Protein chains: 4
Amino acid sequence: MPESNSIIDQLFEDEKLTEKQKKIIEAAIDSFSEKGYAGTSTSEIAKKAGVAEGTIFRHYKTKKDLLLSIIAPMLAKSIAPFVIKDIYKVLNHKYERYEDFLRAMIANRDIFLKQNLPLFKILIQEIPFHPELKEQFMEHIAIKIYSRFKDLVLYYQEKGDIIQIPAHSVIRLNISTLMGYFFTRYLIFPDNEWNDEEEIENMVQFLLHGLSPQK
Amino acid sequence: MPESNSIIDQLFEDEKLTEKQKKIIEAAIDSFSEKGYAGTSTSEIAKKAGVAEGTIFRHYKTKKDLLLSIIAPMLAKSIAPFVIKDIYKVLNHKYERYEDFLRAMIANRDIFLKQNLPLFKILIQEIPFHPELKEQFMEHIAIKIYSRFKDLVLYYQEKGDIIQIPAHSVIRLNISTLMGYFFTRYLIFPDNEWNDEEEIENMVQFLLHGLSPQK
Amino acid sequence: MPESNSIIDQLFEDEKLTEKQKKIIEAAIDSFSEKGYAGTSTSEIAKKAGVAEGTIFRHYKTKKDLLLSIIAPMLAKSIAPFVIKDIYKVLNHKYERYEDFLRAMIANRDIFLKQNLPLFKILIQEIPFHPELKEQFMEHIAIKIYSRFKDLVLYYQEKGDIIQIPAHSVIRLNISTLMGYFFTRYLIFPDNEWNDEEEIENMVQFLLHGLSPQK
Amino acid sequence: MPESNSIIDQLFEDEKLTEKQKKIIEAAIDSFSEKGYAGTSTSEIAKKAGVAEGTIFRHYKTKKDLLLSIIAPMLAKSIAPFVIKDIYKVLNHKYERYEDFLRAMIANRDIFLKQNLPLFKILIQEIPFHPELKEQFMEHIAIKIYSRFKDLVLYYQEKGDIIQIPAHSVIRLNISTLMGYFFTRYLIFPDNEWNDEEEIENMVQFLLHGLSPQK
DNA sequence: CATGAATGAGAATTCATTCAT
DNA sequence: CATGAATGAATTCTCATTCAT
């Protein structure tokens, strides 16, 4: 719980949260990620958070409000900014080669996901059922991230590091490969023994060869 | 609706379904896939199916029974058998090269997904919340499919078509790439314009190069 | 209860009401008229009606629906039609003199109110808080009744029975006098001893003299 | 708001009200008159008054206390005293004829109602639901006012200004006629165009002729 | 005095399930 | 087999009231 606290503190840093509010959010994240939004009752959250049920509704007008207040910062703060920063790093020639960028991104996202796994699960599971979330997702991820990622792809394509196929395909192949690993690693078989270094190395090689320009 | 009927007829072929039962299943698939299992009420399903609420419970003891009766055939009949058949085809030297197998598999899964999209969505979305489903999934997909897929991978690795990394990694990279395409194509951006042939060709090349043995 | 049943049967004649529905409406009328709409809980109504709380909501989507379903027939059926009928009677020269009409109206409304006292109380008390009710009231009472009443007034004014002041003033003075009696008689001091015949006779004389043309 | 302040100052003159208390009472009058006591929440009042929820309960132990603290002065100070004063005026031969008294009363009550409309609405609407209010009303209005009014009626009956029917009937006919006007004028159709002078004149003539002794 | 977070009892409403017809 | 009224437990949400700061 001290650990999950730190995540919450980080994600909700500029909002002043009462001790009880934090408890509520923690409990909600826990329950939503485990049983889904619709499958979790507010009384359950209240009990887990150790507060009265009314307290939840004092802070969040509706149950949906609670959900959104949890996901919004995940979308707004944690995913979008990451790419922006990395973009600048790249433009500052920190990642000369595509391979460098790839390794940096994998490491970065790996840490992020490991820390925010339950939130990530909620995000993934609830997006299909909530149009507002889908919109926010489109705006933050699909538009912002995509447009920045595209610049990167074009940059490395010009340099000759990457094959000349549509940028969106390159992006999708990249993300699919990463997501496939993260899902399998952290959600589907988290209990298997994993040789992470080897997996990542193989994944990097797979992506590099798969995307390298054909002679 | 005549089309969706045909899918149902196909998936539930050996069960004798009354007209009302079919309507119920259709309505349930529709609602579950759109709003999730927990977010769908039985009265909603009854209304959409044009039957009385009681009628649902005459055929399915509980709401969960209804869910399982929808997902079970999807798991049991549609995914598992496919690989069995293909295995034999491969062993019968139908797909000499890994590339041939790849193209066949993509085409096959593409058709299957296109026809069963709502069911697929339900499967994906509900598995995390229902231990029984997870178990069934493990049994049918993770174990059966994996073990057969592994034979294939070893076969093509021996032939020198595929790089020598652990079979599970090869399988995961393959599936991730395919799923990434199908998700993006059919679930996330179904309304975009897609040049399917080009996408698939790029994907095949990506996989072939990404998995080809390094010199 | 057999009596109140008859009223309900009369007011809700063309709607097919279950036994339970009748019980619910009876209980609702009882409670609403005694403690007001906002001051009555649905659980209270359910208990008084001897049904489960859910049963109320099976028949009336919301608590407000229940209120409206009670008041609507009161407005639509019971008040409006009365005047229409009487209008025709008058035009058929049944009530030659204004005095005849007056006595008939008083008798008619007296019976009606005596039978529908609780409903009448609800109507009076809730109209100020529900815009929809106000609108319906305006439409049914203020517009329909007023326009017919006006014809009568003009008729008797032409005949020289009534003083030449604006019809709306005549109507208001009439209704005020009647309502003042009914309110005092049935709502404020129902327990006092009342010499009804004398009261009505005095009221009639008061109205006749008050409205008779000045020499 | 400066105007409504003055009313409050007037009604609550001997109570020392803080600025916040005034705001609370103003807000409460506003909300109670618009949505009824049971339909208004204390949090709503607090918000409208610009104070914390707790502040209300610092001044009024319960919500009902707040209601009573609003209605009590309306009953005690504003209605009762009026008649007392006027009685003395009459006994001082200020209003020689019944007509003079009538005009004076109408003018007086007109001003009073215009200034205290929301309070008046609350009084009218809440009395039926609160036994204490009903008692207070009986004590202040029904008993005190009635007994003084009766003296007046007897006085004018002796003088031959008024017909010889029971005093309570005279009083009721008077009040009904006035209330009918005030309700229609200020509560039901406040937005219509009103020729107040003509209305009042007609009303006075109606009452005078209606109550004049028959030859 | 004032605040507003917290409470818990209770309100309206939903829902899976049952059962008499 | 099918119906749909009825149920009552659970769920979301409201609200008057309390109390530590």
Side-chain angles (χ1 to χ4, degrees), chain A residues 16-21 23-24 38-46 49-66, chain B residues 18-21 23-24 37-47 49-66, chain C residues 16-21 23-24 38-46 49-66, chain D residues 18-21 23-24 37-47 49-66:
Chain A
K16 290 150 211 151
L17 299 179
T18 332
E19 207 47 48
K20 303 245 168 189
Q21 269 195 80
K23 287 264 177 68
I24 290 170
T40 302
S41 75
T42 50
S43 82
E44 209 179 322
I45 295 172
V51 304
E53 209 171 341
T55 307
I56 292 177
F57 290 93
R58 178 150 272 279
H59 294 292
Y60 308 92
K61 261 200 286 294
T62 65
K63 187 187 168 193
K64 189 142 198 176
D65 246 47
L66 176 57
Chain B
T18 59
E19 209 45 50
K20 304 241 167 195
Q21 272 194 78
K23 287 263 177 64
I24 290 170
Y37 169 77
T40 301
S41 72
T42 50
S43 82
E44 208 180 323
I45 295 171
K47 202 174 293 164
V51 304
E53 285 201 59
T55 309
I56 292 177
F57 291 90
R58 188 147 288 280
H59 294 290
Y60 308 93
K61 258 203 293 292
T62 66
K63 188 187 170 193
K64 189 141 200 176
D65 248 44
L66 176 56
Chain C
K16 291 150 210 149
L17 299 179
T18 333
E19 208 46 49
K20 303 244 168 190
Q21 270 194 78
K23 287 263 176 67
I24 290 170
T40 302
S41 75
T42 51
S43 83
E44 210 180 322
I45 295 172
V51 304
E53 210 172 339
T55 307
I56 293 177
F57 291 92
R58 179 150 271 280
H59 294 291
Y60 308 93
K61 261 199 287 291
T62 64
K63 187 187 168 193
K64 187 142 200 176
D65 247 46
L66 176 57
Chain D
T18 58
E19 209 44 53
K20 303 241 167 194
Q21 271 193 78
K23 286 264 176 67
I24 290 170
Y37 169 77
T40 301
S41 72
T42 49
S43 82
E44 210 179 322
I45 296 171
K47 204 175 293 166
V51 304
E53 285 202 59
T55 307
I56 292 178
F57 290 91
R58 188 148 288 278
H59 294 289
Y60 308 93
K61 256 204 292 294
T62 66
K63 188 188 169 192
K64 189 142 201 177
D65 248 44
L66 176 57

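Numbers restart at 1 for each chain; the letters A, B, ... are given by sequence-line order, proteins then strands. Just so it is clear, the model here is predicted, and its values are computed rather than measured.
For B/I56 and C/A52, each mapped to the nucleotide of DNA chain F holding its nearest heavy atom, the one lying further toward the 5' end belongs to B/I56.
The minimum heavy-atom distance linking C/G50 with C/K20 is given by the pair O-NZ, 4.3 Å. Contact between D/K23 and D/A49 at its shortest, heavy atoms only, is O-CB, 3.5 Å. When all heavy atoms are compared, the tightest approach of D/I56 to D/L66 is CG2-CD2, 4.3 Å.
With rounding to whole Å, D/K47 atom NZ is found 12 Å from F/dA16 atom P. Atoms CD (C/E44) and C1' (E/dA12) sit 14 Å apart, rounded to a whole Å. Summarising the geometry, the separation between CD1 on B/I24 and C1' on E/dA16 is reported as 14 Å, rounded to the nearest angstrom. Here the C1' atom of nucleotide E/dT18 and the CG atom of B/D65 are 16 Å apart, to the nearest Å. Between the P atom of E/dT7 and the CD1 atom of A/I45 lies a distance of 15 Å, rounded to the nearest Å. At whole-Å resolution of the value, OH in A/Y60 and P in E/dA6 are 11 Å apart. When rounded to the nearest whole Å, the span between CG of C/L66 and P of E/dT13 equals 10 Å.
Formation of a donor-acceptor pair under 3.5 Å by the C/K63 side chain with backbone atoms of C/S41 is not found in this model. Side chain of B/Y37 to backbone of B/K64: a donor-acceptor contact under 3.5 angstrom is found.
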What pairs of nitrogen or oxygen atoms, one from the protein and one from nucleotides 12-14 of chain F, lie under 3.5 Å apart?
{"from": "F/dT12", "atom 1": "OP1", "to": "A/T40", "atom 2": "O", "distance (Å)": "3.4"}
{"from": "F/dT12", "atom 1": "OP1", "to": "A/K63", "atom 2": "NZ", "distance (Å)": "2.9"}
{"from": "F/dT12", "atom 1": "OP2", "to": "A/T42", "atom 2": "N", "distance (Å)": "2.7"}
{"from": "F/dT12", "atom 1": "OP2", "to": "A/T42", "atom 2": "OG1", "distance (Å)": "2.9"}
{"from": "F/dC13", "atom 1": "OP2", "to": "A/K63", "atom 2": "N", "distance (Å)": "2.8"}

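Of the nucleotides present, F/dA2 is the one that pairs with E/dT21 by Watson-Crick or G-U wobble criteria, both distances under 3.5 Å.
A heavy-atom distance below 4.5 Å is not found between the side chains of A/D65 and A/F57.
Side-chain proximity of D/V51 to the nucleotides F/dT7, E/dT7, E/dT3 is greatest for E/dT3.
Between the side chains of B/E53 and B/S43, no donor N or O sits under 3.5 Å from an acceptor N or O.
Note on A/T18: every side-chain N or O is 4.0 Å or more away from OP1 and OP2 of E/dA5. OP1 and OP2 of F/dC1 both lie 4.0 Å or more from every side-chain N or O belonging to B/H59.
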